[in-house]
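Read through the structure below, which is laid out as structure tokens, and then see the notes.
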There are 2 protein chains.
Amino acid sequence: MDEDLVVPINSIKRSYAIVDELRERGRAGATELADALSLPKSTVHNHLRTLATLGYLVEEEGSYRLGAQYLHVGQESRNTRTVFQHGRDTVESLAEKSGRYCQLVIEENGDAAVIQSTQWVPDEGTRATQQAYPMRAPLYTNAPGKAILAHLPPERITQIVERQDLTARTELTVTDEDDLRSEMATIRDQGYAIDRGELISGMVGVAAPIVTEKCVYGAVAAYGAGNEMREALDESLPDLITESADDIRADIVFAGPE
Amino acid sequence: MDEDLVVPINSIKRSYAIVDELRERGRAGATELADALSLPKSTVHNHLRTLATLGYLVEEEGSYRLGAQYLHVGQESRNTRTVFQHGRDTVESLAEKSGRYCQLVIEENGDAAVIQSTQWVPDEGTRATQQAYPMRAPLYTNAPGKAILAHLPPERITQIVERQDLTARTELTVTDEDDLRSEMATIRDQGYAIDRGELISGMVGVAAPIVTEKCVYGAVAAYGAGNEMREALDESLPDLITESADDIRADIVFAGPE
DNA sequence: CGCCTTTGTCCCATATTATCGAACAGATTG
DNA sequence: CAATCTGTTCGATAATATGGGACAAAGGCG
């Protein structure tokens with residue numbers, strides 16, 4: 001049940017703990033981080049200087065900040081993903097057509113990871129929720145995640161469901177395994193998944209999987225504030241999403257399996 | 001003169017070397033990486049498993065790939081930058097108005113680092129060069145870099161120029177310090193910098209600095225293929241760029257020093 | 001103006017720990 | 001079915017990250 005939480009190389013784990021801490025604070029010095037992580041100053045200092053030398057951190061006036069290097073590494077790895085190469089433009093135009101905040105999502109280690117998110121901002125209220133929207137969450141907690149999960153091989157589904165214990169994020173999160181499995185059947189049937197605010201209260205969305213005979217490449221999603229989304233769910237929005245997902249799938253298949 | 005190339009913590013340097021190698025290959029196994037880096041298999045394997053456990057790498061079928069975590073870390077650190085918060089929309093609309101490939105660039109450790117790049121693609125030819133455009137390069141090798149460099153404090157300018165030895169990237173790269181210094185005077189005078197293909201042959205661009213009384217926040221740039229850019233440089237493009245930069249600066253100043 | 005705190009940085013002995021070679025198992029290929 | 005590939009595991013050794021303490025400098029406060 002309990003995963004191997006033993007990380008082989010400790011310095012690296014420590015290094016990323018510092019990065020995480022630095023990420024929350026935006027900018028910090030060695031002492032501040034050492035206190036927060038209850039580590040010796042000198043150790044933290046060593047790590048900071050190491051990361052700075054490698055170009056991942058920038059130091060300004062004794063204080064340290066995350067550099068652009070992480071962004072560049074991340075963007076480069078994203079750009080090589082086939083689903084992104086074939087889906088990027090489609091997601092962007094989906095955002096324009098639907099007027100919603102749209103995402104391109106992939107599965108990663110049992111989590112749904114957003115690798116593209118559009119900037120379409122209808123109103124200020126949505127903007128706030130949009131910025132708060134997490135870039136990574138368990139598959140079962142959101143529409144694109146459920147859309148992907150529903151089309152994974154059965155053994156992987158059970159594996160993922162078993163490992164995570166279906167803890168609730170909001171009052172609407174699916175916490176019962178039977179409910180989840182029956183919902184996935186529905187998703188496979190109708191071709192799209194719905195999130196009624198199961199990850200973030202009030203954030204309602206629709207998502208369709210990008211799936212070929214071989215595997216699931218990811219999912220396309222459109223999100224919005226609950227009040228204005230509820231009626232959209234009964235109209236053309238689901239069709240729009242599934243069309244976009246189909247376009248991307250067709251584009252991938254046409255380009256060849258590679 | 002020679003910088004401290006001694007990296008305190010060796011495992012971390014090694015870890016990022018593996019990440020770099022993995023970045024180039026997109027996907028690779030332990031043996032392949034071990035051969036490329038001339039390291040023992042087991043060491044590389046340890047690093048891979050460590051990074052995978054931390055969520056930065058994903059393993060699929062024994063092979064490893066960079067995960068979306070780097071992207072998320074990078075995006076989050078970017079989103080907290082004031083120049084990005086105030087400049088994001090302006091750069092995007094600049095791309096629409098000008099019809100060019102536009103960038104928002106900051107200085108980082110003597111380099112120009114692109115933290116936003118638009119997706120406006122006039123033609124296929126530009127798309128290719130656009131994708132090849134590096135996200136990080138020495139300040140003196142490109143328009144936004146020179147625009148930033150020109151407005152840094154004098155001591156930092158000499159410090160940066162001294163450290164880098166002005167090696168040529170193309171035939172047009174500025175390699176003489178006096179030339180560079182006189183060009184920077186021109187840039188300060190006319191308010192914008194020009195790149196006639198000094199970093200990538202044929203990639204011509206204009207850039208204007210986002211500068212307040214206190215400091216340089218970065219630069220806005222517009223790039224295009226050489227043939228179609230040369231005439232644009234004599235027309236309204238430079239004005240468009242400087243206006244955008246001024247808009248962003250005004251937005252930052254208005255929001256307060258914070 | 002000077003004290004006192006707090007910062008970042010440096011040093012070095014010690015023991016933690018990352019390393020690395022070899023061996024194992026599974027898959028793939030000839 | 002043998003021969004290579006792969007990824008993985010194990011364990012002893014030596015390398016090395018650690019962390020306590022000391023230093024200088026900057027900042028705050030009386």
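All chains are named by letter (A, B, ...) in the order of the sequence lines, taking the proteins before the strands, and each is independently numbered beginning at 1.
- Taking only side-chain atoms of A:Thr43, from C-beta outward, the nucleotide of D:dG19, D:dA17, C:dG21 with the closest atom is D:dG19.
- One finds no side-chain N or O of A:Arg49 lying less than 4.0 angstrom from the OP1 or OP2 phosphate oxygen of D:dA17.
- For the pair A:Arg14 CZ and D:dA17 P, the interatomic distance rounds to 12 Å; values are reported in whole Å.
- At distances below 3.5 Å, not a single donor-acceptor pair connects side-chain atoms of B:Glu107 with backbone N or O atoms of B:Leu152.
- Put simply, the side chain of B:Lys41 and the base of D:dG7 share a donor and an acceptor less than 3.5 Å apart.
- Distance A:Asn10 CG to D:dA15 C1': 16 Å, rounded to the nearest Å.
- Residues in residues 31-46 of chain B take part in these side-chain hydrogen bond (donor to acceptor under 3.5 Å, both in side chains) pairs, two or more places apart or across chains: B:Arg25-B:Glu32.
- B:Glu59 comes within 4.0 angstrom of sugar-phosphate atoms only, judged by non-hydrogen atoms across all strands, and of no base.
- With 3.5 Å as the limit, one finds a donor-acceptor pair spanning the side chains of A:Arg136 and B:Gln69.
- Atom NZ of B:Lys13 and atom P of C:dA18 are 18 Å apart (whole Å).
- The distance from atom CG of A:Leu48 to atom P of C:dC10 is 13 Å, rounded to the nearest whole Å.
- Distance CG (A:Leu39) to P (D:dA17): 15 Å, rounded to an integer number of Å.
- With hydrogens and angles left out, the side chain of A:Ser63 and the base of C:dG8 share no donor-acceptor pair within 3.5 Å.
- B:Leu48 pairs in a side chain to side chain contact (heavy atoms under 4.5 Å, CB included) with only one of the listed residues (B:Leu51, B:Val44, B:Thr50), which is B:Val44.
- Between B:His45 and the phosphate of D:dT6, there is no side-chain N or O to OP1/OP2 separation shorter than 4.0 Å.
- Between the B:His86 side chain and the B:Val253 main chain, no donor and acceptor come within less than 3.5 Å of each other.
- Between the side chain of B:Ser42 and the base of C:dG21 there is at least one donor-acceptor pair of N/O atoms closer than 3.5 Å.
- Annotation for B:Glu61: atom CD does not count as buried by contact number, only 12 or fewer foreign heavy atoms lying within 6.0 Å.
- Considering only side-chain N and O atoms, A:Tyr64 lies under 4.0 angstrom from the phosphate OP1 or OP2 of C:dT9.
- The nearest whole Å value for the distance from the CG atom in A:Asn46 to the C1' atom in C:dC11 is 11 Å.
- Ion pair B:Asp178/B:Arg181 not flagged as a salt bridge, since none of the NZ, NE, NH1 or NH2 atoms sits closer than 4.0 Å to an Asp/Glu carboxylate oxygen.
- One can place NE2 of B:His47 at 16 Å from P of D:dG7, the figure rounded to the nearest angstrom.
- If you take CD1 of B:Ile9 and C1' of C:dT17, they are 13 Å apart, rounded to a whole angstrom.
- Residues of residues 16-35 of chain A having a heavy atom closer than 4.0 Å to DNA chain C, listed by number: A:Gly29, A:Ala30, A:Thr31.
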